[in-house]
Amino acid sequence: MTKSGAAANLTDPGKTKSVVIVGGGTAGWMTAAYLKAAFGDRIDVTVVESAHIGSIGVGEATFSDIRHFFEFLRLEESDWMPACNATYKLGVRFEDWREPGHHFYHPFEQLGSVDGFPLSDWWLRMPQSSRFDRDCFVMAALCDAERSPRYADGTPLAQGVFENVGGGQSARSNIAEYQGAQFPYAYHFEAHLLAKFLTKYGTDRGVKHITDNVVDVALDEQGFVSHVDTAENGRLSGDLYIDCTGFRALLLKQALGEPFVSFQDTLPNNSAVALQVPMDMERKAIRPCTTATAQDAGWIWTIPLISRIGTGYVYADEYLSAEDAEKTLREFVGPEAADIPANHIKMRIGRSERSWVKNVVGIGLAAGFVEPLESTGIFFIHHAIEQIVRYFPGGRDDDVRRDAFNRSIEHVMEGVREFLCLHYVGAKRADNQYWKDTKTRKIPDALAERIEIWKHKVPDSESVYPYYHGLPPYSYNCILLGAGGIEVKHSPALDLADPTAAQVEFDRIRLKADKLVQELPSQNEFFAAMRAN
Ligand code: FAD
């Protein structure tokens, strides 16, 4: 890092006209494409990316909100999905978190409520089976039966399948505080292919693309970045710099020295080993969900893509060596993994204290990362991009906007941290030191207080993390009642209430699930029909 006397242009409100994005992974290109879609030619966007420093791309799963990103770019699924080997995801399937052989889902489906009580509360009072997810959500049956969320003619499942159950005739059932239709699916795709696809999208719309290494970051007398130096293309300067350099955080951490808030004390998984395993997916069913299978020192993800699976073991190096993690992963995958090179990744778990400092905004891994359980990395990127457009800097004295942006990023990451901690402390599994420690390890104080409440009243909007972080109350119900390590009681009021309407609701869900399992094609059938057209 060098000091420079040259002032950045960011002195005049409303004059942020040029943006330099350092890093061309998923974060860099999602940001460039979005800024162009938002501001068109009224803004100059440059992406500089190294040809030598690789990007992360393991086969990623997403949140259903990602559809807003593609909608904003005016892209249809048929435009981008084939280019990214993308498949559909209806939720996350957790295997062996309770005990060997057990599984449950966290689907993209809101939980209903009856007479003002969440269906989860009714389920505790009158379980229909041992499966909370099957009794309360339509989607769990679709995941078990490996259905596509689109009919063979391309028609998607209705938003909020729950509301359509049985035609919504019951006057006594309502969606109450669980309101807000949930888009019923997200995607699995190869993040590096998405970056490649967006490179074309961005450059077609005027993004300047430079392949080079940034070798120095120059600051002016006020500590703002004045320019970056590249190895072969000289000096690049802009009004705003976006740090998308991944875990390196070249601008935010290395040049500006912004402190890092580690989450390691509460979330110890800090390593991963990943494999990209070619598979004949036309013969092997494409599961419409991400699978997270609990292991001795973490968990293994399985993400089905077109023509291969992305898989990897996320673990805490305090409990397991890299060699043993790789060995376990290879055994888990089977003979198909034999000659595939493994990618070992050290993960920086936590967040930059602030994501926006001076005229630098960190997006993606440069700003923070909270291990891939629940697939939040790309959600963080998408959220940060939306927020930077919303709080777009006018000038150097933009403290209010900067603070609001930083608060919003912090809220999202801290909320997700709480949610992930619940998975471990709430898992029944406690058969070795790693899993025993998950029950005694420090968790955020607020989460500990919430868990005490949830033991007596299932999570609702009054008792979950209060700021937006992408996870509604129903998500907490799924983990709490699925993972099974924390005993939850139903509300005493339900012993006195009339259960008729709740029973109607459970029956409707079962009927709707049975109907959809019959009607919907498998993903293989759906993609085959798509290819044929
Ligand atoms: P990177 O991919 O690391 O890209 C960094 C870029 O910066 C590269 O282009 C590099 O060339 C460039 N660069 C670095 N230094 C310089 C320099 N000096 N000069 C020029 N260029 C430079 N997210 C999900 O949403 N779902 C998942 O299922 C998921 N699984 C994951 C599993 C693992 C094990 C990990 C580690 C991450 C996972 N993520 C997941 C996160 C997701 O992969 C990332 O958020 C996403 O790929 C964005 O990465 P990035 O662009 O921030 O960084």
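As the structure lists them, so they are numbered: ligands from 1, and atoms in each ligand from 1. Quick caveat: nothing in here was measured; it's all calculated off a predicted structure. Quick note: residue numbers are just sequence positions, from 1.
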Notebook entry, point to check: Looking at residues at least two apart in the chain, or sitting in another chain, which of them share a side chain to side chain contact (heavy atoms under 4.5 Å, CB included) with A33?
Noted result: L73, L198, Y201
Notebook entry, point to check: With distance as the sole test, does D212 use its side chain to make a donor-acceptor pair with the main-chain N or O of T230 at under 3.5 Å?
Noted result: no
Note to self: Using a strict threshold of under 4.0 Å (side-chain N to carboxylate O), is an ion pair present between E414 and R417?
What the structure shows: yes
Item checked: Test of ring centre spacing under 6.0 Å for Y187 and F189 -> no
Next item on the list: Tell me which one of L365, T31, I66, L373 gets a heavy atom nearest to atom 44 (C) of ligand 1.
Entry: L365
Note to self: Using a 3.5 Å cut-off on N or O atoms only, is P372 in polar contact with ligand 1?
What the structure shows: no
Next item on the list: Could you tell me whether E386 and R390 make a salt bridge, using a distance below 4.0 angstrom between a side-chain N and a carboxylate O?
Entry: no
Notebook entry, point to check: Looking at G364, which atoms of ligand 1 are within less than 4.0 Å of one of its heavy atoms?
Noted result: 52 (O)
Item checked: Proximal atoms of ligand 1 relative to N213 (non-hydrogen, under 4.0 Å) -> 19 (N)
Next item on the list: Among all protein heavy atoms, pick out the one at the shortest distance from atom 40 (C) of ligand 1; state its residue, atom name and that distance to 0.1 Å.
Entry: E60 CG, 3.5 Å
Note to self: Counting non-hydrogen protein atoms only, what is the nearest one to atom 11 (O) of ligand 1? Give residue, atom name and distance.
What the structure shows: I53 O, 2.6 Å
Checklist line | Nearest-neighbour protein heavy atom for atom 2 (O) of ligand 1, which is reported as residue plus atom name and distance | finding: I56 N, 2.7 Å
Item checked: Where ligand 1 meets G23 - atom numbers and elements under 4.0 angstrom, heavy-atom basis -> 6 (C), 7 (O), 12 (C)
Next item on the list: Please report which non-hydrogen protein atom sits nearest to atom 47 (O) of ligand 1, along with the residue it belongs to and the distance in Å to one decimal place.
Entry: T26 OG1, 3.2 Å
Note to self: Can you tell whether the side chains of D243 and K253 come within less than 4.0 Å, N to carboxylate O?
What the structure shows: no
Item checked: Given H103, E95, R93, the one that forms side-chain hydrogen bond (donor to acceptor under 3.5 Å, both in side chains) with T293 -> E95
Notebook entry, point to check: Is any NZ, NE, NH1 or NH2 atom of the basic residue among E318 and R441 found under 4.0 Å from an Asp or Glu carboxylate oxygen of the other?
Noted result: no
Check: More than 12 non-hydrogen atoms from neighbouring residues, nucleotides or ligands closer than 6.0 Å to NZ on K346, yes or no?
Finding: yes
Next item on the list: Return the option from F369, W301, F379, F189 holding the heavy atom at the smallest distance from atom 36 (C) of ligand 1.
Entry: F369
Next item on the list: May I ask you to list the atoms of ligand 1 that are less than 4.0 angstrom from any heavy atom of L250?
Entry: 18 (N)
Check: Nearest heavy atom to atom 20 (C) of ligand 1: which of A366, S50, G28 does it belong to?
Finding: S50
Notebook entry, point to check: Is the shortest distance from a Lys or Arg side-chain nitrogen in E323 or K327 to a carboxylate oxygen in the other one below 4.0 Å?
Noted result: no
Check: Which atoms of ligand 1 have any heavy atom of S375 under 4.0 Å away?
Finding: 25 (O), 26 (N)
Tabulate below the donor-acceptor pairs under 3.5 Å that side-chain atoms of residues 78-85 make, not counting sequence neighbours, or state none.
| unit_1 | atom_1 | unit_2 | atom_2 | d |
| --- | --- | --- | --- | --- |
| D79 | OD2 | E76 | N | 2.7 |
| N85 | ND2 | E190 | OE2 | 2.6 |

Note to self: Taking only non-hydrogen atoms of T230, do any sit less than 4.0 angstrom from ligand 1?
What the structure shows: no
Notebook entry, point to check: Numbering the atoms of ligand 1 from 1, which are under 4.0 Å from a heavy atom of I381?
Noted result: 45 (O), 48 (C)
Next item on the list: Nearest heavy atom to atom 6 (C) of ligand 1 wins, so pick from C244, G54, S55, G246.
Entry: C244
Check: Does G24, backbone or side chain, put an N or O under 3.5 Å from an N or O of ligand 1?
Finding: yes
Next item on the list: Could you tell me whether some N/O pair between A27 and ligand 1 is separated by less than 3.5 angstrom?
Entry: yes
Check: Taking only heavy atoms of R248, which atoms of ligand 1 are found under 4.0 Å from at least one of them?
Finding: 15 (N)
Checklist line | Aromatic contact, F104 with H106 (centres under 6.0 Å) | finding: no
Margin query: I want to confirm something. Looking only at heavy atoms, which of A272, G377, A61 is nearest to atom 26 (N) of ligand 1?
Written below: A61
Checklist line | Protein heavy atom at shortest distance from atom 19 (N) of ligand 1 | finding: V214 N, 2.9 Å
Checklist line | Carboxylate-amine/guanidinium contact R429 D296, below 4.0 Å | finding: yes
Check: Under 3.5 Å between some N or O of ligand 1 and some N or O of I378?
Finding: yes
